[in-house]
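Structure, as structure tokens:
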There are 2 protein chains.
Amino acid sequence: MVRDEVVRSATRLFKERGIRGVSLQDIADEVGLTKGALYHYFSNRDDLLRQVFGDWITQEFESLREHTSGSGGPTAQLRDYVRYHVSSVTQNIDLYSLSFSSEAELPPDVRAEFRQLKRRSDSVLKAILREGVAAGDFEPRDEKVMAFAIDGMCNWLSQWYAPDGPKTAAQIADDFVELLLRGLVRHDDGPTDSGPAHGAVATAEYHARAIRFHSERLEQLLPTLADRGGAGA
Amino acid sequence: MVRDEVVRSATRLFKERGIRGVSLQDIADEVGLTKGALYHYFSNRDDLLRQVFGDWITQEFESLREHTSGSGGPTAQLRDYVRYHVSSVTQNIDLYSLSFSSEAELPPDVRAEFRQLKRRSDSVLKAILREGVAAGDFEPRDEKVMAFAIDGMCNWLSQWYAPDGPKTAAQIADDFVELLLRGLVRHDDGPTDSGPAHGAVATAEYHARAIRFHSERLEQLLPTLADRGGAGA
DNA sequence: CCATGCTTTGACCCGACGGTCAAAAAATCG
DNA sequence: CGATTTTTTGACCGTCGGGTCAAAGCATGG
């Protein structure tokens, strides 16, 4: 289909140079048509923009609704949310990065739809957080700030994710979840809660390394402990 | 100074409508001059762009160097990094959001500088994380992903931070740090790890407990390891 | 009050861009 | 093949935006 080819080329060009940085001539050249021919498929520039974004946004709305059905505890829900969000961004990275970067250049109606999508996604996340706190699973924190932090983390993917990179989107998502749930600081309580992605061998190596680390640290600390009896500054 | 007035107006307009969405005429109108008069202060459009971004970027370079002098442990360093990053974004929110959103529309040299700033900041953060892991303070995690996650969180501020909002930049930064260090999940063990309040005794106890835990885990894993030879899915 | 230099004007040039359209070219089909 | 419809062309229009420039305004100070 020629129309789809045009939309795809347009999307790619928009992403590379920004919406305002691409002329209809550029798109026509890319597809191998003349500027005039484009008007057979689109009534004007904004209409093209609408076709580029419109379908995608409504699709995202649907997808968001499906993937956040709210089964499982807050932890599982948060995990699902992040996984969904990450896969969504990585699969439509062109459109995501475009929407974030050139939001101001979108036709008003498209822009409004996009903002609504963001808002809805945000409110889903906040609900999960609230639930988690209420259930006693999460520490009570500033809901708004946490939501923005999490969304920012995920959305930022559109700025650096490379499909041919060493990590899959799913792996990145799980890394995010682990960071979000447990933080960076090493602590010794129970087993990790994160999904099945943890291999047994990797886990064993990890623990072996951890033991070595802690042993060394402990030895280093012993003399210190001998000197001062209490807690240091 | 007229020149500064022009730069300020240009920055504001650029942020509102995107770089390509602002004509020299627009800027001239804003300042109350004629298009021609602008050329008394700037040799061309790209030169104006350079003046808008140039000073700021070199200033950021300097500031980054100062604020990441590397005193204190990894935890403190991470806290300082996030605090600095957040205050930097919130104080120059126009320029940050512009650089992120319209990076493609920047003159090549300015763009290169900006990318270098990002890269340097990123490498500072990664160094902190690496150090933290080496010191046993942080869980071993994917350095790259963590760095992007943290930077994303901070950079995303440029999309939602409101100077007149309920929280100050410093408060938001501390919220971020707490999330990053301790995660969302509620845990009931005694003293928090944050800040300099960590006494030598507590640390020693912590490491002793950690070693016990990891040893147990390792033993639990050994049978599993005998079964499958390679890494699990 | 004139001379000098900084600042501003406003008209102008040119190229690019969005958009239009009649006519040509292709495709479809009886 | 011929008729009809779909697709494409390429020339054209008006506008806008970046950039130029001679001339006018406006200070400043001798």
Side-chain angles (χ1 to χ4, degrees), chain A residues 1-55 98-99 101-112, chain B residues 1-55 94-95 98-99 101-112:
Chain A
M1 207 62 170
V2 180
R3 171 185 248 98
D4 296 352
E5 168 74 14
V6 174
V7 169
R8 241 177 299 123
S9 296
T11 306
R12 240 206 41 247
L13 289 177
F14 284 150
K15 184 208 166 187
E16 281 168 14
R17 308 185 210 160
I19 292 180
R20 283 222 165 77
V22 178
S23 69
L24 294 183
Q25 190 61 60
D26 292 335
I27 298 170
D29 288 350
E30 189 78 6
V31 193
L33 282 179
T34 325
K35 194 178 50 164
L38 292 182
Y39 282 82
H40 191 70
Y41 300 101
F42 314 102
S43 58
N44 56 45
R45 202 172 196 274
D46 273 8
D47 186 40
L48 170 59
L49 270 275
R50 258 185 287 272
Q51 298 218 23
V52 168
F53 288 92
D55 295 347
L98 240 185
S99 306
S101 71
S102 308
E103 200 192 308
E105 300 168 19
L106 257 41
D109 50 342
V110 177
R111 186 177 182 180
Chain B
M1 206 60 170
V2 179
R3 169 183 250 100
D4 297 350
E5 168 72 14
V6 174
V7 170
R8 242 177 297 123
S9 295
T11 306
R12 240 204 42 246
L13 289 178
F14 284 151
K15 185 210 167 185
E16 280 169 15
R17 307 185 210 162
I19 292 179
R20 284 221 165 79
V22 178
S23 69
L24 293 183
Q25 190 59 62
D26 292 335
I27 298 169
D29 289 350
E30 189 77 8
V31 193
L33 282 179
T34 326
K35 195 176 52 164
L38 292 182
Y39 283 82
H40 197 255
Y41 300 101
F42 315 102
S43 57
N44 55 44
R45 203 175 196 271
D46 274 9
D47 186 41
L48 169 58
L49 270 275
R50 258 185 288 272
Q51 298 217 25
V52 168
F53 288 93
D55 295 348
D94 282 15
L95 287 162
L98 239 185
S99 308
S101 72
S102 309
E103 199 193 308
E105 300 167 20
L106 257 42
D109 51 340
V110 176
R111 185 177 182 179

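Proteins come first, then strands; the chains are lettered A, B, ... in the order of their sequence lines, and each starts at number 1.
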### Query
Among residues 27-35 of chain B, which contact DNA chain C at a heavy-atom distance under 4.0 Å?
Leu33(B), Thr34(B)
### Under-4.0 Å salt bridge between Arg20(A) and Glu105(B)
no
### Task
Give, ordered by number, those residues of residues 39-54 of chain A having at least one heavy-atom distance below 4.0 Å to an atom of DNA chain C; if nothing qualifies, reply none.
Tyr39(A), Asn44(A), Arg45(A)
### Summary
On a heavy-atom basis, the closest approach of Pro107(B) and Arg50(B) is CB-NH1, 4.0 Å
### Task
Figure out the CG/P separation between Leu24(A) and dG10(D), and round it to whole Å.
17 Å
### Task
Would you confirm whether Arg111(A), through its side chain, and Leu106(A), through its main-chain N or O, come within 3.5 Å as a donor-acceptor pair?
no
### Query
Strictly by modelled atom types, are Gln25(B) and Asp29(B) linked by a side-chain donor-acceptor pair under 3.5 Å?
yes
### Intermediate values then yes/no, side-chain contact (heavy atoms from CB on, under 4.5 Å), Arg8(B) and Glu5(B)
CA-CA 5 Å; Arg8(B) 242 177 297 123; Glu5(B) 168 72 14; 3.4 Å; yes
### Query
So among Asp46(A), Asn44(A), Val52(A), which one has a side chain to side chain contact (heavy atoms under 4.5 Å, CB included) with Leu48(A)?
Val52(A)
### Task
Identify the two heavy atoms, one from Gln51(B) and one from Phe42(B), that lie closest to each other, and give their separation to 0.1 Å.
NE2-CD2, 3.4 Å
### Task
Starting at atom CG of Leu38(A), determine the distance to atom C1' of dT8(D), rounded to an integer number of angstrom.
11 Å
### Task
Whole angstrom is fine here: how far is it from CZ in Arg20(B) over to P in dA16(C)?
14 Å
### Query
Counting only N and O atoms by type, is there a donor-acceptor contact under 3.5 Å from the side chain of Arg17(B) to the main-chain atoms of Val22(B)?
no
